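What you see is a predicted model; the values in this text were computed from it and never measured.
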Amino acid sequence: MAGGQIDIEHLTKTFDDVLAVDDISLEMTSGEFFSMLGPSGCGKTTTLRMIAGFERPSSGRIALDGVDMQHTPPHKRQVNTVFQSYMIFPHLNVYENIAFGLRRQRCSKEETRRRVNETLELVQLGKLAARKPSQLSGGQQQRVALARALVLSPSERSTPSSAGSYRSSSRPSSRRSASPSSTSPTTRRRRSP
């Protein structure tokens, strides 16, 4: 069964007297490409941070695959984040940056090599695997950051010793945009294998 459903119901976030997110409800279906658009300060990043668990909602509900995430810490949520500044390691080459999370999960060398190579091809960076980030364009660095998130399987986030496979499709099943409290896709929910 493919996972990846995100349901947001009446989500609100305030910081002292500032209303950052004002009662939004969204449904993002499994496999969907979803963009949140809006002006600076409208709550896009705050919404993404709440989905990832980095911020707690003032009120409302976030469910991932039908499971309420209210008491689930960020490291146990099946969500990866690609930061706007990319946060790729300057001392590691492209291959090592992408392999980093798999090695922390103690995947076997063969499994790590297979999944990194598949992901390199997915983001069209196979020929640049040995380059350092300083040798890449901004767009190529962004693809390294995306690859590092895509290579990880959500089911493995809570079980570091497992080494299951992950497959991704480069074609999203649908495209949609949300506005007022919305953003570019920096947090992305992945489908299960």
Side-chain angles (χ1 to χ4, degrees), residues 2-4 6 28 30-36 40 44-55 64-65 69 72-172 183-193:
I6 301 175
M28 296 171 237
S30 177
E32 179 176 42
F33 184 89
F34 189 91
S35 295
M36 296 168 65
S40 179
K44 303 180 302 288
T45 299
T46 302
T47 299
L48 293 176
R49 289 180 58 80
M50 287 189 286
I51 292 170
F54 301 140
E55 297 286 350
L64 305 180
D65 290 330
M69 292 287 111
T72 306
H75 69 281
K76 292 192 175 179
R77 295 185 186 204
Q78 297 177 357
V79 174
N80 281 329
T81 301
V82 177
F83 296 95
Q84 192 169 359
S85 62
Y86 312 143
M87 305 288 282
I88 55 179
F89 302 112
H91 63 289
L92 300 178
N93 66 25
V94 170
Y95 184 97
E96 296 297 322
N97 263 283
I98 297 169
F100 183 82
L102 296 173
R103 291 189 174 141
R104 298 231 351 131
Q105 292 176 344
R106 298 188 184 105
C107 284
S108 70
K109 287 182 181 180
E110 303 86 41
E111 180 74 4
T112 298
R113 184 173 28 257
R114 182 185 65 77
R115 288 168 60 178
V116 170
N117 286 331
E118 284 178 2
T119 307
L120 280 165
E121 291 309 310
L122 179 68
V123 297
Q124 300 176 357
L125 290 175
K127 294 179 180 179
L128 305 178
R131 288 194 185 177
K132 294 282 179 79
S134 62
Q135 299 172 304
L136 302 174
S137 70
Q140 290 166 338
Q141 290 178 28
Q142 185 177 45
R143 283 187 276 158
V144 172
L146 288 170
R148 193 172 54 188
L150 291 170
V151 77
L152 297 174
S153 177
S155 62
E156 295 170 353
R157 301 227 15 198
S158 58
T159 56
S161 61
S162 66
S165 64
Y166 168 69
R167 290 187 184 155
S168 174
S169 170
S170 60
R171 291 184 176 167
T183 193
S184 58
T186 54
T187 297
R188 182 175 168 263
R189 179 88 164 108
R190 287 175 289 128
R191 298 189 306 187
S192 297

4.5 Å side-chain heavy-atom contact, Arg115 and Leu102: yes
Any side-chain heavy-atom pair of Pro133 and Asn97 under 4.5 Å: yes
Side chain to side chain donor-acceptor pair (under 3.5 Å) against Gln140, all qualifying residues, sequence neighbours excluded: Ser137
Least distance between heavy atoms, Met28 atom then Glu32 atom: CA-OE1, 3.4 Å
Spacing of NZ belonging to Lys127 relative to CG belonging to Leu120, to within rounding of 0.5 Å: 13.0 Å
Asn117 side, atom CG; Ile98 side, atom CD1 - distance, nearest 0.5 Å: 9.0 Å
Minimal non-hydrogen separation, Leu136 against Gln141, with atom names: O-NE2, 3.3 Å
Inter-residue atom distance Arg106.CZ - Thr112.OG1, 0.5 Å rounding: 12.5 Å
Interatomic spacing from CG in Leu64 to NZ in Lys76 - rounded to 0.5 Å: 15.0 Å
Minimum-distance pair of heavy atoms, taken over all atoms of Tyr95 and Arg113: OH-CA, 3.1 Å
N/O donor-acceptor pair under 3.5 Å between Arg77 side chain and Ile51 backbone: yes
Salt bridge present between Arg114 and Glu118 (N-O < 4.0 angstrom): yes
From CD (Gln142) to CD1 (Ile88), nearest 0.5 Å: 10.0 Å
Neighbour count >12 (heavy atoms, 6.0 Å) for atom CD, Gln124: no
Any pair counted as salt bridge (charged side-chain N to carboxylate O under 4.0 Å, His left out), so long as it reaches residues 134-148, sequence neighbours left out: none
For Asn93 against Ala130, the heavy-atom pair lying closest together: CB-O, 3.5 Å
Heavy-atom closest pair, residues Asp65 and Gly4: OD1-N, 2.7 Å
Closest heavy-atom pair and its distance - Pro74, Gly53: CG-O, 3.1 Å
